[in-house]
Amino acid sequence: MRFRSLKFVLPAFLVVGTAVTFGVASGDSDNSKATVPTTENAYVSQVAPAKAHATQTWLSVCPANCEGATASERRAFVRFTVAGVPAGARDVRLSLDLYSARTTDTAVRVHKVTGTWSAKSLTWNKQPAFGDIVGSRRGFTASQVGAIDVSGAFTGNGSYSFALTAAAGAQGVFQSSRAQADQAPRLSVSWTDPTAPAAGPLPFDMPATSALRASDKKVYAHYFTPYPASLDNKEPAQDYYTRNYLAPGGESGKHAAYGGLLRDRPQPRPPLAGDWQLQDMQREIRDASAAGIDGFTVDVLSTSSAHWTRLKTLIKAAETTDPGFSIVPMPDMTSLKDVTPAGLAASMAELTASTSLRRLADGRVVISPFKAEQQTPQWWAEFAAAMDKTHKTKIALVPVFLNFSANADKYASVSYGFSSWGNRSPNRQGNIQADIAKAHSLGKIWMQPVAVQDERPNQGIYDEANNTENLRTSWDNTINGGADWVQLTTWNDYSEGTQFAPSVNSGHTWVDISDYYLVRFKTGAWPRIVRDTAYLTHRVQFAAAKPTASAQTKMMTPRSGTNAPRDTVEVLTFLTAPATVNATIGGGSQPYQAAAGVQARLFPLAIGSNSASIVRNGATVATVTSPNPVRKEFAAQDLGYRGASSGRPGAG
C-alpha cells in the first residue's frame with residue numbers, strides 16, 4: 001500500500017518535543033530526508049460556525065456548496081514544526097501527506113496560514129487569516145496517502161501552519177491525529193546537503209524551487225499550442241516538423257517561397273507509448289520548472305479545436321507533474337474576435353475547476369488576454385461580470401497590449417495589472433522602466449516581456465537582437481525598473497523564432513543564460529558564480545547573404561526601428577576568476593583576457609567553425625564548440641542566432 005511505502009517512522013530523525021531533528025537517511029551523504037508529525041490539526045464548518053472540532057478523528061474539506069447544501073463550506077488546519085534543515089540546504093522539498101478516508105474528486109488547495117490559531121478554540125467564526133496557495137491536488141483514494149507538494153512555503157526552520165480549502169468536488173475526509181498514529185497528517189521533508197559537491201550545467205547553483213516560488217516576483221513563459229514537443233509521435237527524421245515545417249517543400253509547397261515555415265524545432269525524441277501528448281507536456285513543465293519558471297501563460301487560439309484540447313492537456317500535465325506550476329489562460333483576441341463576453345466566460349469557466357490555474361491570495365483567477373485592446377474596457381467588464389455572476393469565479397485581468405501607452409488609462413478600471421508584447425532588439429528596450437512606472441502609478445502590477453530574438457520567415461521580417469544583448473538588456477531594465485512579473489516571450493513559438501525552450505539549434509542556451517537574471521529578479525541578489533562557463537552565439541550565415549541553392553523568393557528584411565543588422569560571434573563568459581579565453585572564430589585563433597564575473601566579447605563573423613576555451617593556470621577549465629558552422633552556401637535564409645554552452649557539451 002502506498003501509505004506504508006512512505007515509511008513514516010524513520011531512524012533518521014529523533015522526535016524532540018514538538019520538533020524533529022533530522023539526520024542523513026538511507027546512508028546517502030548528499031541527500032537527507034525525514035517526516036514531521038503534526039502538532040495541531042482540526043477543521044471548521046460553516047454550518048456550525050461557533051463549534052470546535054478539536055476532538056474529531058477526521059479532518060473535513062468541502063466547497064461552499066457542500067454535497068448540495070449552500071453555505072456549508074468546511075476547511076481544515078494543520079501545523080508542523082520543522083527543525084534541523086541545515087543553512088544553505090539545496091532543493092528543499094516539503095510534501096503534505098494526507099491519509100484519505102474516502103475516494104473523492106476533491107480539489108484541495110493548501111494555503112500558508114498567516115494568523116494564529118489553536119485547535120481547541122478553532123471555529124468557523126474564529127479562524128486565522130491565510131494567504132497564497134502553496135500547493136494543490138485533485139483526487140484522493142480511500143486508505144491511501146494523497147501527497148501535496150508545498151515546497152513553495154519553505155523559508156527555513158520553524159513553525160508551518162496550513163489551511164486546506166476545497167475549490168470543487170465532493171467532501172474530502174482525511175484522518176486527524178486522533179485516529180491511528182500512522183494515519184495522521186505528516187510533512188515529508190527532503191533536501192540536498194549544502195556540503196555536497198554541486199555539479200551542473202549552469203555557472204551558478206540554482207536555488208531550490210521552493211525558495212524561488214516563495215518570491216512575490218513571478219516569471220511565466222508564453223506557451224504557443226501550435227508547436228508542442230511532437231505533432232505526430234513519429235521518429236524525428238520522418239515526423240511532421242521535419243517533413244512539413246522545416247523542409248521548404250513541406251505541406252505541399254505552401255512554404256516554399258520563404259524557404260520553409262520554421263528554422264528550428266523542439267528537441268526531438270523517439271516515439272512514446274501511451275498518452276504521448278500528456279507525456280510531452282509533462283516533460284516541458286519539468287524543463288520550465290527546473291529553470292525557475294512559475295508557470296505558462298497559454299495562448300488560447302480557439303475554444304473548440306485541437307488548440308483547446310492541447311490547453312486542457314497542458315493543464316492536466318501541470319496537475320499531475322507539478323501542482324505548484326501555474327497556468328494562466330491568455331485568450332488571443334486576434335483569433336477570438338467574434339467571441340462574446342458571455343461566450344468567453346463560459347469557455348474560461350471550463351478551466352477554472354483546475355487547481356493549477358494561477359490564483360491570487362484572495363482566490364481570483366488570473367486571465368491575461370493577448371491584444372486586449374481588440375475589445376473595449378466595457379467588453380472586459382462584461383466578461384468579468386459573467387465570470388462572477390454566472391460562473392461564481394472572480395478574475396484578476398492582466399491585459400497584454402500591443403500598444404500599452406495608448407491604452408493604460410482607459411483600461412485601468414477593469415485591470416489588476418498590465419503587460420505588453422514588447423520588442424526584440426536592444427535599442428527598443430529603453431521604455432521598460434517608464435512602462436513599469438506608469439503601471440505602478442495607476443496602482444497596477446506590471447508583467448514585463450523578456451525575449452531572446454525574433455525571426456519570421458513567413459512574414460518576411462526579423463529583429464536584430466545583437467547576439468545575447470537583447471536578452472541581457474531587457475532583463476537588466478526589468479530588474480532595475482522594479483517589474484512585478486515577467487513573461488518570457490516565448491517558450492515555444494518557433495514560427496516567430498522567439499523560443500526559450502530547449503531546441504535543436506540552441507539546446508538550453510537561452511533559458512540557461514536567462515536563469516542568471518531570473519535568480520536576481522526573484523531573490524534580489526545575483527547568484528554567485530561557482531563554475532567557469534562559456535556561451536557561444538552566432539548566426540550561420542551573413543545577414544545580407546542570399547540563398548544559393550533554393551527557390552526561396554520571399555526574403556526577411558529588418559523590422560522598422562530595429563538595430564542595424566550585424567555579423568558577429570559573441571563569447572559570453574561567466575568566470576570564477578580572471579582567465580584566458582582562447583576563441584577560435586572561423587578557424588582563426590583570437591585569444592583574450594577575460595575578467596571575473598560576466599563579460600561579453602564580440603568577434604567578426606567568419607565562414608567556418610567557432611569555439612572557445614577557458615584557460616587558467618595552464619589548465620583548460622571549460623570548452624564550448626558550436627555544432628553549427630557558418631556557411632557561404634545555404635538553401636534557405638536563416639537570421640536567427642544559435643547558441644552553445646560549455647555546460648552542456650554537444651547539446652547547445
Side-chain angles (χ1 to χ4, degrees), residues 63-65 68 70-71 73 105 107 109 138 166-169 220 222-226 295-316 318-319 326-360 362-404 407-419 421 444-445 447:
N65 188 348
T70 59
E73 184 178 356
D105 63 347
R109 299 171 182 165
R138 181 157 194 161
Y220 301 101
H222 181 87
Y223 192 95
F224 197 52
T225 54
F296 285 144
T297 50
V298 186
D299 198 299
V300 184
L301 291 164
S302 165
T303 59
S304 60
S305 69
H307 299 301
W308 183 246
T309 301
R310 287 176 187 155
L311 167 57
K312 290 187 172 182
T313 302
L314 189 64
I315 291 173
K316 183 179 179 182
E319 292 173 341
S326 298
I327 301 297
V328 177
M330 184 171 282
D332 191 323
M333 304 315 293
T334 64
S335 298
L336 303 175
K337 294 179 181 179
D338 299 325
V339 69
T340 64
L344 182 61
S347 296
M348 293 299 99
E350 289 186 41
L351 310 177
T352 56
S354 172
T355 56
S356 288
L357 261 65
R358 171 70 167 106
R359 289 173 169 82
L360 304 180
D362 59 11
R364 283 182 291 170
V365 175
V366 178
I367 305 290
S368 184
F370 173 78
K371 198 185 178 184
E373 64 263 50
Q374 183 73 33
Q375 300 294 352
T376 65
Q378 178 59 33
W379 192 98
W380 289 112
E382 292 174 11
F383 164 70
M387 290 293 293
D388 185 12
K389 295 177 182 178
T390 304
H391 303 289
K392 312 304 179 187
T393 301
K394 294 185 181 298
I395 67 162
L397 197 72
V398 182
V400 177
F401 297 110
L402 296 187
N403 189 336
F404 168 64
N407 291 289
D409 290 303
K410 57 186 176 182
Y411 283 81
S413 63
V414 296
S415 301
Y416 169 76
F418 291 131
S419 185
W421 194 238
K444 312 301 176 184
I445 65 102
M447 180 168 69

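On a predicted model such as this, the values are computed, not experimentally measured, just so you know.
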A.B. asks: Are any non-hydrogen side-chain atoms of Arg359 and Thr352 less than 4.5 angstrom apart?
C.D. replies: yes
A.B. asks: Can you tell if the side chain of Met333 reaches within under 4.5 Å of the side chain of Val339, non-hydrogen atoms only?
C.D. replies: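 They are in side-chain contact.
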A.B. asks: Who are the salt bridge (charged side-chain N to carboxylate O under 4.0 Å, His left out) partners of Lys394, not counting sequence neighbours?
C.D. replies: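 Residues passing salt bridge (charged side-chain N to carboxylate O under 4.0 Å, His left out) with Lys394: Asp388.
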A.B. asks: Could you walk me through whether Asn407 and Lys410 satisfy the side-chain contact (heavy atoms from CB on, under 4.5 Å) test, starting with their C-alpha distance in whole Å, then the side-chain angles of each, then the deciding distance to 0.1 Å, before giving a yes or no?
C.D. replies: CA-CA 6 Å; Asn407 291 289; Lys410 57 186 176 182; 3.0 Å; yes
A.B. asks: Closest heavy-atom contact between Pro369 and Met330?
C.D. replies: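 The answer is C-CG, 4.1 Å.
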A.B. asks: May I ask you to check whether Glu319 and Ser354 show a side-chain donor-acceptor distance below 3.5 Å?
C.D. replies: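 Looking only at side-chain atoms, Ser354 and Glu319 do form a donor-acceptor pair, the distance falling under 3.5 Å.
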A.B. asks: Output all residues satisfying salt bridge (charged side-chain N to carboxylate O under 4.0 Å, His left out) with Lys312, sequence neighbours left out; order by chain, then residue number.
C.D. replies: Glu350
A.B. asks: Is the backbone of Met447 close enough, under 3.5 Å, to the side chain of Ser419 for a donor and an acceptor to pair up by distance?
C.D. replies: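 The answer is yes, because a donor-acceptor pair under 3.5 Å joins these two groups.
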A.B. asks: Is it the case that the side chain of Trp380 and the backbone of Pro399 share a donor-acceptor pair, with hydrogens and angles ignored and the cut-off at 3.5 Å?
C.D. replies: no
A.B. asks: Looking at Phe418 versus Phe404, is the centre-to-centre ring distance below 6.0 Å?
C.D. replies: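 Aromatic pair counts; centres sit under 6.0 Å.
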A.B. asks: Quick check: closest heavy atoms across Ala342 and Ala386, and the distance to 0.1 Å?
C.D. replies: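 For Ala342 and Ala386, the tightest heavy-atom pair comes out as CA-CB, 4.3 Å.
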A.B. asks: Would you be so kind as to tabulate the donor-acceptor pairs closer than 3.5 Å made by side chains of residues 297-304, with sequence neighbours excluded?
C.D. replies:
from: Thr297; atom 1: OG1; to: Gln487; atom 2: OE1; distance (Å): 2.7
from: Asp299; atom 1: OD2; to: His222; atom 2: NE2; distance (Å): 3.3
from: Ser302; atom 1: OG; to: Ser304; atom 2: N; distance (Å): 3.0
from: Ser302; atom 1: OG; to: Ser305; atom 2: N; distance (Å): 3.1
from: Ser302; atom 1: OG; to: Ser305; atom 2: OG; distance (Å): 3.1

A.B. asks: Parallel, tilted or perpendicular for Phe370 and Trp421, by the 30°/60° rule?
C.D. replies: perpendicular
A.B. asks: Please report the C-alpha distance between Val365 and Arg358 in whole Å, then the side-chain angles of each, then the deciding distance to 0.1 Å, and finally whether the side-chain contact (heavy atoms from CB on, under 4.5 Å) criterion is met.
C.D. replies: CA-CA 6 Å; Val365 175; Arg358 171 70 167 106; over 6 Å; no
A.B. asks: Considering all heavy atoms of both residues, which atom of Tyr416 and which atom of Ala396 are nearest to each other, and what is their separation?
C.D. replies: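 Minimum heavy-atom contact is CB-CB, 3.7 Å.
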A.B. asks: Counting only N and O atoms by type, is there a donor-acceptor contact under 3.5 Å from the side chain of Arg138 to the main-chain atoms of Asp105?
C.D. replies: yes
A.B. asks: What are the two closest heavy atoms between Thr225 and His307, and how far apart are they?
C.D. replies: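 Smallest heavy-atom distance, with atoms named: OG1-ND1, 3.1 Å.
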A.B. asks: For side-chain contact (heavy atoms from CB on, under 4.5 Å), just list the numbers for Ile395 and Arg364, CA-CA rounded to whole Å, side-chain angles, deciding distance to a tenth of an Å, and then say yes or no.
C.D. replies: CA-CA 5 Å; Ile395 67 162; Arg364 283 182 291 170; 5.8 Å; no
A.B. asks: Any heavy-atom pair between the side chains of Trp308 and Leu351 that's under 4.5 Å?
C.D. replies: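 Answer yes - side chains close enough.
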A.B. asks: Is it true that a side-chain atom of Lys444 and a backbone atom of Ser415 form a donor plus acceptor pair closer than 3.5 Å?
C.D. replies: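 Yes, Lys444 side chain to Ser415 backbone: donor-acceptor pair under 3.5 Å.
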A.B. asks: Is the shortest side-chain heavy-atom distance between Arg310 and Leu314 below 4.5 Å?
C.D. replies: no
A.B. asks: When the ring planes of Trp379 and Phe383 are compared, do they come out parallel, tilted or perpendicular, using 30° and 60° as the limits?
C.D. replies: parallel
